[in-house]
Every structure is written in structure tokens, then in C-alpha cells.
Amino acid sequence: MKTIHEEDIINAVSRLCIDACTYLDNSVLSCLKKAKENEQGLAKDIIAQIIENDELAASENIPMCQDTGIAVFFVELGNQVFLDCDLQEAINKGVAKGYTEGYLRKSVVGNPLTRINTKSNTPAIVHIKQTLSDKLKITFCPKGAGSENMSQVKMLTPAQGINGIKDFVLKVVKDAGGRACPPLVVGVGIGGDMEICAKLAKEALIRDIDDEASDPEARKLENELLELINSSDVGPMGLGGKTTALKVKVNLYACHIASLPVAVNLQCHACRHKEVTL
Ligand code: SF4
């Protein structure tokens, strides 16, 4: 067994929060640069400004966007790890530390009806999966409300099939328009039940921006959806152009014979996620 101490988790999470909100991954920046070359006029100018913003944030050590999001974590906990703490609490303490020390905006209200800011950006949203290892892998994904609010879930019927999925995904992107701050990464969860497909769609967003689905049908759908979305002319920040999405990521899970749940989670151009393994 490997023992992992609360303090190590707090410090690792705190660092993740600051880094994810400040330094956009080079792979995402490269994608934006390629998209810029493919555009002209206003669309090109907007992507150039996004790139300049992201590079300035990194060089000045400041957040790339004022909305530093609700703190979402995907955690892989090895069966040979002993924790001397409550994992959710340790993550919350790390979030509070990171958002305070990094001067990141704290955007969480403790109760959705009374809406008082918790002033610590906690509680975090934590998804835990068990693995057969002696590692604790923590992936952090700050999720801004602009794109999260435009995400949707729909329970399709199997008869609606692939065409029904495509129509729904395209509708979500068009409904969102500029409010989700495109160019997007579009996470699509298909299968499971209502809550699992929503989780699949969110989890799709933490895949490497350049990877492709391992399932051949999902991979084909990713390419077809990207083409469809980019012919919608929503464009960068909703002002028209060829780059509405940089990528589409499709994650699948088994489902009931009479169900076809589909969720679409939109990620804005601030495609932030970082991971650490303890
Ligand atoms: S949607 Fe993204 S880029 Fe737009 S304000 Fe929110 S976090 Fe920032």
C-alpha cells in the first residue's frame, strides 16, 4: 500500500487550480493557431485576439478568463492507495487554497435558491473511479458558466439513431451561438442513462485535444459532427466563420435496448484542464 497524505493532495490540487486557469495547453494553442490560418476577416481577427489573450495570461501569470469556473475533478483512485484523509474534503481544501492564493474568481454559491457565495469556490464537483494501481490521478477542469449553461441532455429513442444524434448536437451548438464563447470543444456522451451520459459528455472534454475515439463508429461520428458544426457559420464568438468547433469528442457507454440518451457538454475556447498523479 502507498500512503498519500492530505497535505500532498491539498498542495497538488491548489497548484492544478492555478495552472489550469493560467496556462492553456500548447496543444490547444496549436489548434487555435491552425484555425486562425484557415479563417479570414473578422473570424481570423477574433481567433488572433484569443491567442494573444492566452499568451498574455501565461506570460503575466494571470487567469486567461475572468470566469475561473466551478471546480470539476475526475479522480482515479488506485486500490493500493491508503489516504489519511477524506478525499473530497482534501480536494475542497486544495481548491480554496488555489483560488485564494492564485487570485482566481470564486464563483460558487452554497445553495442554488438562497445564492450566497461560499467565498472559497467550494464545494468542488468530484467524480471518483477506482483503478487497480498504487496511484492517485487527479484531473481538474474548471468549467465556466457561459459554456456550461448552454449544455443539454436529451433522451432520444433508438429509432432516432445517428441522424437524431447529429440533429440534436447541431441544435445545441446553434442554440448556444456566441454565448458559449466558440471556438468550442464539443463533448458528446452517448448511452448509459440520463446522468451517465451527462458525465460522459463532461469527461470527453478532458481527453487530449488531438486524440480520437478508439471506437471506430464514435471516431467516424466525431469527424462527421465536426464537419457539420463547422458548416453552421456560428463561427468564433458567434460572429460567423468556419471555426465553430476545434474538435468534437464522443464518449460511449452501454444502454437499455429502448434508450438512446445523448448529452452535449460545450467547452469554450478556454479549454482548460490539467492533471497530476501522486
Ligand atoms: S464561456 Fe469560457 S471563455 Fe466564455 S466567459 Fe465563460 S469561461 Fe470565459
Side-chain angles (χ1 to χ4, degrees), residues 16-33 35-36 39 42-58 60-74 95 98-99 102-109 112 117 121-122 124-125 139-152 169 172-188 198 201-207 209 229 232 234-241 243-249 263-274:
L16 277 181
C17 293
I18 295 169
D19 287 353
C21 291
T22 308
Y23 311 111
L24 192 65
D25 264 13
N26 281 334
S27 54
V28 181
L29 267 176
S30 301
C31 243
L32 284 164
K33 285 175 183 169
K36 189 185 89 174
E39 288 285 10
L42 182 58
K44 196 182 189 83
D45 290 348
I46 291 169
I47 299 178
Q49 283 179 34
I50 290 170
I51 294 167
E52 188 187 356
N53 171 75
D54 295 339
E55 290 178 340
L56 259 176
E60 302 283 327
N61 297 311
I62 53 175
M64 67 191 80
C65 180
Q66 41 75 33
D67 187 349
T68 48
I70 191 165
V72 180
F73 290 85
F74 287 91
V95 169
Y99 274 71
Y103 301 100
L104 310 176
R105 196 183 84 189
K106 302 177 184 96
S107 309
V108 172
V109 294
N117 196 308
N121 218 51
T122 65
I125 293 173
T139 303
F140 170 59
C141 162
K143 201 64 173 59
S147 53
E148 186 71 3
N149 287 355
M150 296 295 113
S151 303
Q152 297 185 35
V169 175
V172 174
V173 171
K174 283 184 173 173
D175 285 354
R179 287 175 292 175
C181 297
L184 309 166
V185 175
V186 180
V188 183
K202 176 72 60 69
E203 203 168 9
L205 299 177
I206 62 167
R207 284 170 44 195
I209 196 146
I229 288 167
S232 68
V234 171
M237 296 310 290
L239 295 171
T243 321
T244 303
L246 299 171
K247 299 283 174 172
V248 177
K249 306 285 180 189
V264 182
N265 198 287
L266 299 181
Q267 171 62 61
C268 58
H269 62 76
C271 184
R272 303 166 286 192
H273 52 88
K274 298 260 182 240

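All values below come from the heavy atoms of this structure, side chains included, with hydrogens, waters and symmetry mates left out. These figures come from a predicted structure and were not determined experimentally. Counting starts at 1 for both ligands and their atoms, following the listed order.
Within the model, atoms NZ of Lys36 and CD1 of Ile46 stand 13.5 Å from one another, a figure rounded to the nearest 0.5 Å. To the nearest 0.5 Å, atom NE2 of residue His273 and atom CG of residue Leu205 are 7.5 Å apart. Here the NE2-CG distance, from His269 to Asp54, works out to 7.0 Å after rounding to the nearest 0.5 Å.
Of all protein heavy atoms, the one lying nearest to atom 7 (S) of ligand 1 is Arg272 NH2, 3.3 Å. Considering only non-hydrogen protein atoms, atom 2 (Fe) of ligand 1 sits nearest to Cys268 SG, 2.3 Å. With respect to atom 4 (Fe) of ligand 1, the closest heavy atom belonging to the protein is Cys181 SG, 2.3 Å. Counting protein heavy atoms only, atom 8 (Fe) of ligand 1 is closest to Cys65 SG, 2.3 Å.
Which parts of ligand 1 touch Ser147 is read off a 4.0 Å heavy-atom cut-off, strictly below it: atoms 1 (S). Ligand 1 places these atoms under 4.0 Å from at least one heavy atom of Gln66: 5 (S).
Counting heavy atoms from C-beta outward, Val185 and Cys31 have side chains that stay 4.5 Å or more apart. The shortest distance between side-chain heavy atoms of Lys143 and Asn265 falls below 4.5 Å.
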